[in-house]
Amino acid sequence: KVSINATRFARNKATGGSGGAIFWNLIESRPIIAADVQFSDNVGRQGNDFASDAYSLYWSGLPVTMGSQIPLNDSLYVSLKDYYGNTVLDNSSLISLVGSGGTFSRETSRPKDGVS
């Protein structure tokens, strides 16, 4: 693993992507950032100081009802988060709802079967 210490990251900008100062894309490559590392005025779409590739999936279901409280369907809000809790804004990861069991899978290409 890479260790970063006694370093200052200032005024870095990731205009087209993630992590104004530091971005990593595999959990095995997560850097160890010491307490003496300083960040100031960094700008990134996904995280101003640091960001990672998609790490977790959050979802919540919201019931939809009509007039007499008859459920019509369920809606689902899905959000990809990186290791630091930043919302992943690019479309490098594809999430699909596969089958009637409602299982989620992370894929790097289009789903073969299912709804995306």
Side-chain angles (χ1 to χ4, degrees):
K1 285 199 172 204
V2 173
S3 294
I4 303 171
N5 53 36
T7 305
R8 180 172 184 228
F9 292 91
R11 292 186 227 139
N12 296 289
K13 189 180 280 191
T15 56
S18 310
I22 297 172
F23 175 80
W24 52 271
N25 63 351
L26 298 172
I27 193 67
E28 296 84 18
S29 67
R30 179 174 57 97
I32 298 167
I33 302 171
D36 62 353
V37 175
Q38 298 176 8
F39 296 92
S40 63
D41 300 320
N42 299 300
V43 178
R45 287 183 55 216
Q46 184 175 316
N48 289 332
D49 295 327
F50 33 79
S52 75
D53 199 3
Y55 180 76
S56 58
L57 176 69
Y58 292 86
W59 70 88
S60 63
L62 303 171
V64 177
T65 58
M66 184 171 139
S68 62
Q69 300 300 316
I70 299 171
L72 296 176
N73 62 2
D74 290 326
S75 60
L76 186 66
Y77 172 77
V78 178
S79 176
L80 273 176
K81 301 285 185 174
D82 72 2
Y83 183 83
Y84 303 100
N86 300 313
T87 301
V88 176
L89 299 173
D90 67 13
N91 59 2
S92 63
S93 300
L94 176 64
I95 300 297
S96 61
L97 181 61
V98 180
S100 60
T103 59
F104 285 93
S105 63
R106 180 171 184 252
E107 302 179 9
T108 55
S109 61
R110 298 182 66 205
K112 294 180 180 118
D113 295 310
V115 180
S116 61

Distance-minimising heavy-atom pair for A14 and S18: CB-O, 3.9 Å
Validation row, ring centre Y84 to ring centre F50 under 6.0 Å: yes
R8 and S40 side chains, donor-acceptor separation under 3.5 Å: yes
From CG (N48) to NZ (K13), nearest 0.5 Å: 11.0 Å
Those residues that, when tested against N42, pass side chain to side chain contact (heavy atoms under 4.5 Å, CB included) (two or more places apart): F9, N12, A21, F39, D49
Side chain to side chain, I22 and P31, heavy atoms closer than 4.5 Å: yes
Y55: ring-ring contact (aromatic ring centres under 6.0 Å, His included) partners, not counting sequence neighbours: Y83
Sub-4.5 Å side-chain heavy-atom contact between V88 and Q46: yes
Stepwise side chain to side chain contact (heavy atoms under 4.5 Å, CB included) test for L57 and L80: CA-CA 5 Å; L57 176 69; L80 273 176; 4.2 Å; yes
K81 side chain reached by N86 side chain, heavy atoms, under 4.5 Å: no
F23 reachable from I4 in the ILVMFWY side-chain graph, under 4.5 Å edges: no
Least distance between heavy atoms, S29 atom then N25 atom: OG-N, 3.9 Å
Interatomic spacing from CG in D82 to CG in D53 - rounded to 0.5 Å: 9.0 Å
Donor-acceptor contact present, side-chain D36 to main-chain A6, <3.5 Å: yes
